Amino acid sequence: MPKIVDREERRREVVEAVFRVVARGGIQQATLQNVAAEAGLAVGSVRHYFDSHPELLTAAAREMVHRVEARVQAQRDLLGPDDDPRDVAEEIAGQFLPLDAARADETAVWLEFAVAARTDPALGLIAAELHDGLRTVAGRLLHRLGVDDPVATEHLAAVLDGLALNAALHPDRLRPDTVRAVLRRHLAQLPEGRQPGRADAR
């Protein structure tokens with residue numbers, strides 16, 4: 001009997017192909033033809049799962065947001081009430097940074113999407129969602145540290161954005177150990193706030 005391929009599974013495979021193509025050559029290389037070849041499919045098959053090229057890119061960008069959200073949630077699930085709040089903040093904030101090969105590729109791909117989002121309204125909406133999501137997470141981390149300050153939240157988000165950008169552009173000059181050290185130094189320099197209770201852990 002012929003193998004029955006789940007539609008969502010095949011869509012995920014095509015999105016993975018988009019990531020690989022963009023990571024290697026930039027978003028301009030993510031044509032339907034190149035993505036189809038990367039996925040081992042005919043162009044017509046890709047069109048069966050995505051009606052248009054913009055829909056394909058939008059789906060890939062949306063998947064990028066979901067991946068970051070899933071990693072952050074998984075890290076939260078590992079937390080215990082006795083964990084050091086600054087260690088917790090470092091680990092969760094690190095989910096937005098290229099600290100390993102997978103996150104490095106993801107960051108490179110996201111930067112390609114972020115540049116395209118400047119002139120693409122659909123990608124712009126997703127870029128805004130990630131922008132807001134990062135600041136929501138940053139605010140919660142700072143709240144856990146007893147710091148409730150919108151400026152401090154924006155500062156932490158800007159540190160993460162800057163580290164991600166520069167580590168993606170200059171990986172040989174800004175290595176993961178240095179990225180982590182900069183993040184740790186920033187968190188250590190935060191003012192001492194109130195001592196959060198266990199209810200603040202999430």
Side-chain angles (χ1 to χ4, degrees), residues 15 19 58-115 117-118 122-169 171 174-202:
V15 166
F19 289 159
T58 300
R62 176 68 61 191
E63 174 62 21
M64 185 71 65
V65 174
H66 290 165
R67 286 184 178 195
V68 175
E69 290 175 342
R71 281 207 313 272
V72 169
Q73 186 58 54
Q75 197 63 42
R76 283 177 179 159
D77 291 343
L78 295 174
L79 301 180
D82 298 326
D83 290 324
D84 184 278
R86 291 184 192 274
D87 291 342
V88 170
E90 181 181 330
E91 288 304 315
I92 291 181
Q95 303 311 310
F96 294 90
L97 298 172
L99 297 175
D100 55 33
R103 279 178 282 182
D105 284 347
E106 186 178 285
T107 301
V109 171
W110 175 250
L111 290 175
E112 291 286 335
F113 281 125
V115 172
R118 189 178 67 84
L123 292 178
L125 290 174
I126 299 172
E129 182 179 329
L130 188 59
H131 175 94
D132 293 342
L134 172 58
R135 280 145 184 83
T136 296
V137 172
R140 289 175 178 170
L141 294 178
L142 293 177
H143 177 74
R144 181 179 169 85
L145 295 172
V147 179
D148 293 301
D149 179 358
V151 173
T153 295
E154 192 62 39
H155 189 182
L156 175 55
V159 168
L160 295 175
D161 281 338
L163 287 173
L165 172 63
N166 285 283
L169 293 177
L174 191 56
R175 294 183 175 276
D177 56 343
T178 303
V179 171
R180 191 177 287 279
V182 172
L183 174 59
R184 187 178 299 124
R185 174 74 62 85
H186 175 74
L187 294 173
Q189 291 176 342
L190 290 170
E192 290 293 332
R194 58 174 174 76
Q195 291 299 313
R198 295 181 59 168
D200 294 325
R202 304 302 171 107

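Not measured: the values here are computed from a predicted model.
- Residues Arg140 and Arg76 meet the side-chain proximity criterion, which asks for heavy atoms closer than 4.5 Å.
- With values rounded to the nearest 0.5 angstrom, Leu142 atom CG is found 8.0 Å from Asp148 atom CG.
- Atom-to-atom distance recorded for Leu145:CG and Leu187:CG is 6.5 Å, nearest 0.5 angstrom.
- For the atom pair CZ of Phe96 and CG of Leu156, the computed distance is 9.5 Å after rounding to the nearest 0.5 Å.
- Scored by the salt bridge (charged side-chain N to carboxylate O under 4.0 Å, His left out) test, Arg184 finds Glu90 as partners (sequence neighbours excluded).
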Q: Evaluate the criterion side chain to side chain contact (heavy atoms under 4.5 Å, CB included) for residue pair Glu106 and Val68; output intermediate values, then yes/no.
A: CA-CA 9 Å; Glu106 186 178 285; Val68 175; 3.4 Å; yes
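- In terms of the side chain to side chain contact (heavy atoms under 4.5 Å, CB included) criterion, residue partners of Ala60 (sequence neighbours excluded) are, by chain and number, Val15, Val18, Phe19, Phe113.
- The line from CG of Leu130 to CD1 of Ile126 is 10.0 Å long, rounded to the nearest 0.5 Å.
- Scanning all heavy atoms of the two residues, the minimum distance from Ala152 to Val147 falls at CB-CG1, 4.0 Å.
- Residues Glu69 and Glu129 are in side-chain contact: their nearest non-hydrogen atoms beyond the backbone lie under 4.5 Å apart.
- Applying the side chain to side chain contact (heavy atoms under 4.5 Å, CB included) rule to Val115 yields no partners; only residues at least two apart in sequence or on another chain are considered.
- Under the rule for a salt bridge (charged side-chain N to carboxylate O under 4.0 Å, His left out), the partners of Glu91 that lie at least two apart in sequence or sit in another chain are Arg180.
- Residues passing the side chain to side chain contact (heavy atoms under 4.5 Å, CB included) test with Ala70, sequence neighbours excluded: none.
- Annotation: the span from Thr153 atom OG1 to Leu141 atom CG amounts to 9.0 Å, rounded to 0.5 Å.
- Remark: His186 NE2 to Arg86 CZ distance equals 10.0 Å, nearest 0.5 Å.
- Shown here for Pro98 and Ala167, the closest heavy-atom pair between the two residues is CG-CB, 3.5 Å.
- Looking only at side-chain heavy atoms (C-beta outward), Val109 and Met64 come within less than 4.5 Å of each other.
- Take Leu97 and apply the side chain to side chain contact (heavy atoms under 4.5 Å, CB included) test, not counting sequence neighbours, and it matches Leu99, Leu160, Leu163, Ala164, Val179, Leu183.
- Scored by the ring pair (Phe, Tyr, Trp, His ring centres under 6.0 Å) test, His131 finds no partners at all (sequence neighbours excluded).
- With sequence neighbours excluded, the residues that form a salt bridge (charged side-chain N to carboxylate O under 4.0 Å, His left out) with Asp100 are Arg103.
- Identified under the salt bridge (charged side-chain N to carboxylate O under 4.0 Å, His left out) test for residues 154-164, with sequence neighbours left out: Arg135-Glu154, Arg135-Asp161.
- Checking side-chain atoms of Thr136 against main-chain N and O of Asp132 turns up a donor-acceptor pair under 3.5 Å.
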